[in-house]
Amino acid sequence: MIPVAAAQFTYDELTSIVGWYADMGVDIAIDETAHDRFSEDNKKPAAAPPAPVRPPVEAARRAPLARLDAMPAPASPDQAIGSAKEIAAQARTLDELRAAIESFDGCTLKRSAQRTVFADGNPQSHVMFVGEAPGADEDRQGLPFMGRAGQLLDRMLKAINLDRSEVYIANAVPWRPPGNRTPTPQETAICLPFIRRQIELANPKVLVCLGASAMQSILGVNEGILKTRGRVFDYPLANGQKIKAMATLHPAYLLRSPAQKRLAWGDFQEIMKLLKDAKA
Ligand code: URA
């Protein structure tokens with residue numbers, strides 16, 4: 001973040017600067033003082049030990065800063081993926097898996113997130129929805145799909161006579177990417193063993209990926225969502241069993257492109273059919 005000396009600006013100017021930072025994805029304060037990393041790069045290494053971290057500003061007070069400092073540097077991505085696979089495979093229940101994810105420090109997203117967002121709804125449900133990653137509302141509340149996209153998801157569920165207590169909802173990545181950016185392929189790869197194990201342990205009859213990011217990582221499809229949505233896949237579980245899987249448009253995309261809701265409606269009808277067949 002570029003340092004701004006607050007005293008030289010009016011209230012309106014400061015509000016607009018903060019708004020601009022938020023639009024650029026800088027929405028988390030991790031220190032009270034801004035740092036000009038560009039000029040720091042040009043300086044000789046300081047001989048003196050670093051100054052103690054100053055108290056966080058209000059916006060960052062909810063963030064686990066103490067833990068942020070205490071957290072060990074993440075391993076290499078390959079090591080992190082290996083350790084995620086090992087830890088995930090050892091979890092015998094969803095509660096064990098949640099605890100394992102909460103104590104996993106191999107994904108840097110955890111450093112800026114306030115909470116690990118594991119799941120909502122009914123883990124015994126026959127249908128599981130998997131989104132991309134938590135946003136700001138989910139990060140605050142610790143539950144997936146709590147914001148506007150979540151409200152739309154609730155309405156879409158209602159359209160097929162379901163509500164949150166009758167479905168199981170999770171995300172491919174359990175920590176909020178700063179500024180709500182899409183998780184990087186590396187972040188997604190590190191978290192993949194966790195969501196795979198979560199799917200296995202929940203053992204739904206029908207799996208629905210919401211949006212391209214979840215679809216690409218979980219179903220291993222590299223095509224775009226508009227091409228792949230609505231197609232039925234056999235998703236293999238580690239025990240050799242296969243469950244029906246489908247991808248549909250992400251509710252956040254539908255909020256931006258409401259004309260595409262008719263496609264999602266078609267997909268939800270197919271989900272209903274898959275569920276009916278699975279129960280028959
Ligand atoms: N978008 C997602 O993909 N997941 C959430 O939990 C919220 C918004």
Side-chain angles (χ1 to χ4, degrees), residues 22-23 25 27-28 62-63 94 97-98 101-102 107 109-110 112-123 125 127-158 162-192 194-196 198-199 202 204 206-221 224-226 228-229 245-258 260-261 263-264 267-268 271:
D23 288 345
D27 59 358
I28 295 169
R62 288 160 302 175
L94 287 166
L97 182 65
R98 178 200 287 262
I101 297 173
E102 280 171 351
C107 180
L109 288 178
K110 194 178 182 188
S112 52
Q114 293 183 49
R115 289 168 198 272
T116 299
V117 176
F118 184 68
D120 194 19
N122 179 358
S125 170
V127 59
M128 176 170 181
F129 289 84
V130 182
E132 176 179 297
D137 293 304
E138 293 75 22
D139 189 41
R140 250 192 313 272
Q141 298 178 56
L143 292 169
F145 284 97
M146 288 285 115
R148 284 184 63 226
Q151 286 157 19
L152 177 55
L153 178 61
D154 288 342
R155 291 200 295 277
M156 292 159 79
L157 291 173
K158 198 167 172 201
L162 291 174
D163 66 31
R164 241 170 223 255
S165 66
E166 296 167 294
V167 303
Y168 187 53
I169 307 176
N171 278 309
V173 169
W175 298 288
R176 181 196 181 204
N180 295 347
R181 63 167 171 76
T182 304
T184 64
Q186 193 178 90
E187 289 158 354
T188 306
I190 292 171
C191 297
L192 190 57
F194 294 132
I195 187 63
R196 279 203 194 291
Q198 195 169 354
I199 295 166
V206 179
L207 172 68
V208 184
C209 296
L210 296 167
S213 181
M215 171 195 83
Q216 287 167 353
S217 62
I218 294 168
L219 301 183
V221 177
I225 183 75
L226 284 169
T228 311
R229 54 146 282 277
M246 223 181 82
T248 188
L249 303 171
H250 194 289
Y253 168 77
L254 295 174
L255 287 171
R256 295 191 300 272
S257 311
Q260 305 286 45
K261 281 184 188 168
L263 297 179
D267 296 344
F268 269 61
I271 294 167

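Remember, it's 1-based here, ligands and their atoms both numbered in the order they're listed.
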Counterpart residues, salt bridge (charged side-chain N to carboxylate O under 4.0 Å, His left out), relative to Arg155 (two or more places apart): none

Test item: Leu263 and Leu226 side chains (from C-beta on) under 4.5 Å apart, heavy atoms: yes

For the student: nearest non-hydrogen atoms of Ala264 and Leu254, plus distance: CB-CD1, 3.7 Å

Nearest atoms (heavy-atom pairs only) where His250 meets Ala252: ND1-N, 2.9 Å

Side chain to side chain donor-acceptor pair (under 3.5 Å) contacts in which one or both residues fall within residues 127-138, not counting sequence neighbours: Asp137-Arg140

Partners meeting ring pair (Phe, Tyr, Trp, His ring centres under 6.0 Å) with Tyr168 (sequence neighbours left out): none

May I have a table of the N/O to N/O pairs between ligand 1 and the protein that fall below 3.5 Å, each row giving the two atom names and the distance to 0.1 Å?
residue  : atom  : partner : partner atom : Å
ligand 1 : 1 (N) : His250  : NE2          : 3.3
ligand 1 : 3 (O) : Glu132  : N            : 2.7
ligand 1 : 3 (O) : Ala133  : N            : 3.4
ligand 1 : 3 (O) : His250  : NE2          : 2.7
ligand 1 : 4 (N) : Ala133  : O            : 3.0
ligand 1 : 4 (N) : Asn171  : OD1          : 2.8
ligand 1 : 6 (O) : Phe145  : N            : 2.9
ligand 1 : 6 (O) : Asn171  : ND2          : 2.9

